[in-house]
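In this text the structure is predicted, and so the values were computed from the model without any measurement.
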Protein chains: 2
Amino acid sequence: MYSIGELSKRTKVKVPTIRYYEEMGLLPEAERTSGNQRRYDKAGLERLSFIRHARDLGFSIEAISSLIDLQDHPDRSCEAATDIATSQLEEVRAKIKRLRALEKELSRISKGCNGEGVSGDCYVLASLADHNLCDREH
Amino acid sequence: MYSIGELSKRTKVKVPTIRYYEEMGLLPEAERTSGNQRRYDKAGLERLSFIRHARDLGFSIEAISSLIDLQDHPDRSCEAATDIATSQLEEVRAKIKRLRALEKELSRISKGCNGEGVSGDCYVLASLADHNLCDREH
DNA sequence: CTTGAATCTCTAGTCACTAGAGACATTACA
DNA sequence: TGTAATGTCTCTAGTGACTAGAGATTCAAG
């Protein structure tokens, strides 16, 4: 049995975050010692690792809840899990696309100015003030 | 003079968001009609456009505050503005890098499963449960 | 002058945590 | 067994950048 601190070390999820996950229903209510401290077994460790991994991949708490539901009912269709992963992938791709456009403009903006001179003539500020200076829509 | 609603239409910033920006000090306190409604002039429109543009580029409210300070004091060095833009660019690049890794893993995960069958054997769930199935660290 | 849309302020909610206070539990060592 | 240090408990409140809703007031058009 692990204390919440040990679990935290093993999963790299901070202690208050573990309690938060319990409150949100991602983790079942933990067993307690006579002194009211949480104790976890291997199943708890595995579930928290699952959550951690999914959070790292950008899944929302809600999405993870659905995935856990599916885990807890192995007779249900797998399609739902694939749907969740696929829509997550789409979101990630959209974010990348958007960030690439930003990167392009930001690099143009910060290259345009040599950092010398006064801000009254600053190309960075001018670029931000006037959208027409942008190469493209964003 | 524009009402808050007109300003909202022109800048595509929602009305409550404009009020929020005023409260946060990004916009100066607007003039008011005798009936206490906000009225904006061209300067207000321009400043809000600046804010909108910078937010689109992912600058935080705090960073925008600093940029506005620089705008309001055109005698100050331009270096600070360039620093802010450059660090924003670095953040964007770091995000892209991370998202690319996620994309790779998510696409592997969601391709691995054909969506048929039951979730007891689902590859998506297995992948999320077991970090060792990942190709690489993330 | 009336009607309906726009605006006002205020509070509270969102997401996924994070921080801090003050009390209690456990563990390590003498 | 005593004690000190560390860990854990619950609770409230804060973060960033808004968003939603209530209930009251004001504006513009006909």
Rounding to a whole Å, what distance do you find between [X]:[atom1] and [N]:[atom2]?
{"X": "A:Tyr40", "N": "D:dC9", "atom1": "OH", "atom2": "C1'", "result": "12 Å"}
{"X": "B:Ile4", "N": "C:dA6", "atom1": "CD1", "atom2": "P", "result": "13 Å"}
{"X": "A:Glu6", "N": "C:dT27", "atom1": "CD", "atom2": "P", "result": "9 Å"}
{"X": "A:Glu22", "N": "C:dA16", "atom1": "CD", "atom2": "C1'", "result": "17 Å"}
{"X": "A:Met1", "N": "C:dT26", "atom1": "CE", "atom2": "C1'", "result": "16 Å"}
{"X": "B:Glu23", "N": "D:dC18", "atom1": "CD", "atom2": "P", "result": "13 Å"}
{"X": "A:Leu27", "N": "C:dC17", "atom1": "CG", "atom2": "P", "result": "12 Å"}
{"X": "B:Glu62", "N": "D:dA17", "atom1": "CD", "atom2": "P", "result": "8 Å"}

Would you mind classifying the nucleic acid contact of B:Phe59 as base, sugar-phosphate or nothing, using non-hydrogen atoms under 4.0 angstrom?
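Touches nothing.
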
What nucleic acid atoms does A:Arg39 come within less than 4.0 Å of, heavy atoms only: base, sugar-phosphate, or nothing?
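Result for A:Arg39 = nothing.
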
Quick one: on DNA chain C, does A:Tyr20 or B:Ser3 contact a more 5' nucleotide (nearest heavy atom)?
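The answer here is B:Ser3.
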
Pairwise 5' ranking along DNA chain C for A:Thr17 and A:Gln37, keeping only the more 5' one:
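Nearest nucleotide further toward 5': that of A:Thr17.
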
Please report the C-alpha distance between B:Phe59 and B:Leu67 in whole Å, then the side-chain angles of each, then the deciding distance to 0.1 Å, and finally whether the side chain to side chain contact (heavy atoms under 4.5 Å, CB included) criterion is met.
CA-CA 10 Å; B:Phe59 288 85; B:Leu67 290 171; 4.1 Å; yes

Look at [X] together with [Y] and state whether they make a salt bridge at an N to O cut-off of under 4.0 Å.
{"X": "B:Glu46", "Y": "B:Lys42", "value": "yes"}
{"X": "A:Arg93", "Y": "B:Glu103", "value": "yes"}
{"X": "B:Asp56", "Y": "B:Lys12", "value": "no"}
{"X": "A:Asp41", "Y": "A:Arg47", "value": "no"}

Check every atom of [options] against the side chain of [X] and return the nucleotide holding the closest atom.
{"X": "B:Tyr21", "options": "D:dC27, D:dC18, D:dC9", "answer": "D:dC18"}
{"X": "A:Ile61", "options": "C:dT9, D:dT10, C:dC17", "answer": "C:dC17"}
{"X": "A:Arg55", "options": "C:dA16, C:dT9, D:dT10", "answer": "C:dA16"}
{"X": "B:Arg32", "options": "C:dT7, C:dT9, D:dT19", "answer": "C:dT9"}
{"X": "B:Asn36", "options": "D:dT19, C:dT9, D:dC9", "answer": "C:dT9"}

Is any side-chain heavy atom of B:Leu7 closer than 4.5 Å to a side-chain heavy atom of B:Arg38?
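Sidechains of B:Arg38 and B:Leu7: no contact.
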
Side-chain N,O ([X]) to OP1/OP2 ([N]) below 4.0 Å:
{"X": "B:Lys14", "N": "D:dT19", "value": "yes"}
{"X": "B:Arg19", "N": "C:dT9", "value": "no"}
{"X": "B:Thr33", "N": "D:dT26", "value": "no"}
{"X": "B:Arg38", "N": "C:dT7", "value": "no"}

